[in-house]
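Order of the sequence lines fixes the chain letters, A, B, ..., with proteins taken first and strands second; residue numbering starts at 1 for each chain.
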Amino acid sequence: VHQRSIVRIGVPLAVAALALSACGSRGDSGGSSGGSTGGAKKTVKVGVIAPLSGDLSALGKGIQHSVELAVKEANAKGTIANYNIEVLAVDDEAKADVGKNAATKIAADNDVIGVVGNLNSSVSQQTQPIFQAARIVQVSPANTGPGLTRGADPINAPKRPYDTYFRTCTTDLVQGAFAAKFLKDQGITNVATIHDKKTYGQGLVNAFTGDFTKLGGTVVKAETINPDESNFSSVVSLVAPSAPKAVFYGGEYPQAGPLSQQMKAGGLNVPLMGGDGIYDPEYIKLAGTTSNGDLATSVGAPTDVTPAGKTFLAAYKAAGYAEPSAAYGGYSYDAANAIIAAAAKTLASASDVKSAREATIKEMVNVSFDGVTGKVGFDEFGDSKVKVITGYKVDAGKWAAVKTLSLETDGNWSELKS
Amino acid sequence: MNDLLQQLVNGLTLGSLYALIAVGYTVVYGIVQLINFAHGEVFMIGAFGALATWTVLFQGTLALWVLPIMMLGAVVASVAVAVVMERFAYRPLRHAPRLAPLITAIGVSVFLQEAVRLFYPGAKSKLPFPSIDVVTGPAIRIGGLTIQRAAVFTVAALAVCAVLLWYFVNRTKLGRGMQAVSQDPDTARLMGINVDRIIVVAFIMGAVLAAVAGVAQGLQNQNIDFRIGFLAGLKAFTAAVLGGIGNIQGAVLGGLVLGVVEALATQFIPGQFGGSAWKDVWAFVLLIVVLVFRPQGLLGARVVDRA
C-alpha cells in the first residue's frame, strides 16, 4: 500500500517540479522579424545570445530588441539582396555552461551568418571556441574583458585567440584607465577595491589598479565578495578601517547596489564607483537613497545626446518593444549592422549561407560605417576602433553624465565633441 | 581590538539569522527524523510575505508601526506554506523509507523557488525591501564600533524568540507533548497525545522563526530574491548539524558559532587563504573538524531532551 501511495503522490510531484523548472529556465523565444515580402527569398539568420531571463535580463532584452530593430530596418531596405533576415534569440542566463549549450544550438543552424553576444565576458570565454569551430562571426556588444581579444597577457604580449570574435564596445583597459583618471581628477588618492571574482569584475579591477597606481594613487585594500551572497557587512567592516576615499567595485549591479547600500548603512560614507556593469537604473533602485554621489563609467557617449543616438532611440521607441534598450542597445544595434553589412557583400557571391561564413569573417575588418556609437570599425584584434568612455554620477536618484572622453591613438584623452 | 569587536558584531548578526532558521531544521528532525530541505524556502517565502503585505497595504509608508503587521504577514505566509507542505508532501510519506521524504523535500524546495520566481511580480530579479524607520537607517556608533540598526533588530528578534521558544517547549502542554513525541512517538500516542497534531505544531514553530528571519534578512540587506533560501538554508542546516541536530539550544549555538567564525575568518586569517573569498571554506572546515571529534555536534543530540 505504501509503495503505491508513494508512486501516486511522488510521481506527479516530481513531474510538476520538473515541468516548472523546465519552463522557467528556458526562454529561447525565436523572435522573428517581419520584413518586406519577397517571393522566393532565402533566409539568413542573425543570432542573439544574451541573458533573456534572470538578474541581468534587463540588459539582455535590450540587446535582443536592438538587434531585432536593426534586422527589421535592413529587411525594409533590402540590404542583403535576395535574402530575408531573421533573428534567432537564445538565452544564456548569464551562465557559462548554459551559454555553451545555447551557442551549440546556434552553431547547429545552417542559416546563421553571425551572432550578437554575449553580455558577460565569462560566458563569451566559453562560447568563443564554439563559434570559431563553426566559423560564425561573433560580435559582442558588451564584453569589456581585455583577454577576449588580446589573450592571456593583454597589456604586454597581446595575441588574438579567436579570429571569429569582434566587439563594438571598448575594453576594461580603457574603462579602468578612465576610472583611475576620473577619481584622481577629483583629488581622491586612497581607494579600496572589491570585485566578484568573475572575469569581468577581476579584469576591471586589475586594469583600474594598474592605472591608478601609475597616476600616483594608492589602493589601500583589495577584497572580494561572493556574488551568490547578499550580506556584505563583513567585507564592509574589513575595508572601513583603511579609510578609503572611494570604493572601486568590479562587478554588476545585482551585487553592487546592495553593497553600496550596506556600505553606507555600515558607516562607510564614501562613493562606490563601478564600471558599465553597474550603470543601470536597477542599481539605484537596489542601492536606495544613499546611492547619491556613487559613480560609474560606461562605454561610449550617452546614447541620448548624439544625433545618431537620438535617431536610434526614436526608432526603438516607435517599434514598441516591451523592454527599454538599456545600456548596450546602441552597441547591439551597431553589432547587428556590422554583421549585416559584411554579409551583404559575401552572400551576394555565395550559393548558401554556410559557404559564405568564412568570407564574412575576412570581410569584418573592412566594415566601416557611422553607427549609433561612433565610427564602427574593428582593429587587428577585433576590438572596436571607438574608444569612448563616459563617467556618470548618481544625482537625485538618476544617473547623470559627468563627462565623456575619447582615448586617442597617442594615449591621451580628449574631450568628445557632440 | 576594534576590528575584533566589529567582526564579532557582524558575526553575531549573521549568526542570529542562521540560528533562527536552524531551529526549524532541528525541531522537525527531532520529531520526525526528516531533514526538511525545503525549510530554506519557508524562510524565503516569509521575506516575500512581508514584502507583499507592505506592497499591498502600506506602499509608501515607512513608519515603525508597519513592521509588526509586515511580520504578521510573513508569519502567515510561512506557516501556510509549511502546513500545506507537511500535509501534502510529507504526511503521505510518513512511513515510507527515509530516502523518499528527503527527495520530496528537495522537490518541494525547487517547486517553491520556481513558484515565487514565476508568479511573484518582478521576482525574476532582486526586489528592494522597504527601509522601515528606526530599524534601518544610519548606523549606530558606539566608540569605534558601527552597528547597523537592522543588526540590533536581528539579535533582539533572536533573543525574544529564544525565550518564547524555551517557555513554549518546557512550560506548555503542547511543548511537553513535543518532547514526549520526540522521545517515543508510539508511547506518546498511547498516552493520548495526538502525534499528527504535534508534528504540524513543529512545522509551524519552525515556520514562525523562519518568517522572523526572513523579515530580518530583508531589513539587513534591503533586498530579497527567490534564491535567498538556498544559501541561507544550507548555512542554517550546517549550523543545526554543528550544534547537534535535534537539539534546540544546539541549533542556536551552532548558528552563532558559524556566523562568528565566518566573520572572524574574513578578518584574521592572514595571507592568501584569508579574506572574504575564503570565509565559507573556513566555516566548513570548522564543521568537519567538529564532526570528526564530536560526531553528535557541539551540544550533542542527547536523546532525552531533543525536541
Stepwise side-chain contact (heavy atoms from CB on, under 4.5 Å) test for B/Gln217 and A/Asn231: CA-CA 9 Å; B/Gln217 156 113 353; A/Asn231 191 322; 5.9 Å; no
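- When only modelled atom types and interatomic distance are considered, A/Ser230 and B/Asn221 share a side-chain donor-acceptor pair under 3.5 Å.
- Heavy atoms closer than 4.5 Å to chain A are found nowhere in B/Asn2, neither backbone nor side chain.
- Proximity to chain B involves both the backbone and the side chain of A/Pro258, based on heavy atoms less than 4.5 angstrom apart.
- In this structure, A/Leu238 CG and B/Asp3 CG are separated by 8.0 Å, a value rounded to the nearest 0.5 Å.
- Across every non-hydrogen atom of A/Gly267 and B/Ala139, the tightest pair is N-CB, 4.3 Å.
- Taking 4.5 Å as the heavy-atom cut-off, the residues of residues 270-292 of chain A that approach chain B are A/Glu282, A/Lys285, A/Leu286, ordered by number.
- Per-residue heavy-atom pair counts under 4.5 Å with chain A were compared for B/Asn223, B/Thr13, B/Ile106, and the maximum is reached by B/Asn223.
- In this structure, B/Thr266 OG1 and A/Ile225 CD1 are separated by 12.5 Å, a value rounded to the nearest 0.5 Å.
- Heavy-atom contacts from other residues, nucleotides or ligands closer than 6.0 Å to NZ of A/Lys197 number more than 12.
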Step-by-step side-chain contact (heavy atoms from CB on, under 4.5 Å) determination, B/Glu262 to A/Ser234: CA-CA 9 Å; B/Glu262 270 186 31; A/Ser234 60; over 6 Å; no
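- For the residue pair A/Glu229 and B/Lys126, the shortest heavy atom distance occurs at O-NZ, 4.5 Å.
- The parts of A/Asp55 that come within reach of chain B are both its backbone and its side chain, each placing non-hydrogen atoms under 4.5 angstrom from that chain.
- Enclosure of atom CZ in B/Phe230 is not indicated, since only 12 or fewer non-hydrogen atoms of other residues, nucleotides or ligands lie within 6.0 angstrom.
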A/Val235 vs B/Gln267, side-chain contact (heavy atoms from CB on, under 4.5 Å): CA-CA, chis, key distance, verdict: CA-CA 8 Å; A/Val235 179; B/Gln267 180 97 37; over 6 Å; no
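- For a residue to count as touching a neighbouring chain, one of its non-hydrogen atoms must lie under 4.5 Å from one of that chain's; by this rule B/Ile224 does not touch chain A.
- Interatomic distance, A/Thr224 OG1 to B/Trp278 CH2, rounded to the nearest 0.5 Å: 11.0 Å.
- Residues of residues 145-156 of chain B lying under 4.5 angstrom from chain A, judged on non-hydrogen atoms, are B/Thr146, B/Gln148 by number.
- B/Ile228 touches chain A through its side chain: at least one heavy atom from C-beta onward sits under 4.5 Å away, while N, CA, C and O do not.
- Using a 4.5 Å cut-off between heavy atoms, A/Gln261 touches chain B through its side chain atoms alone.
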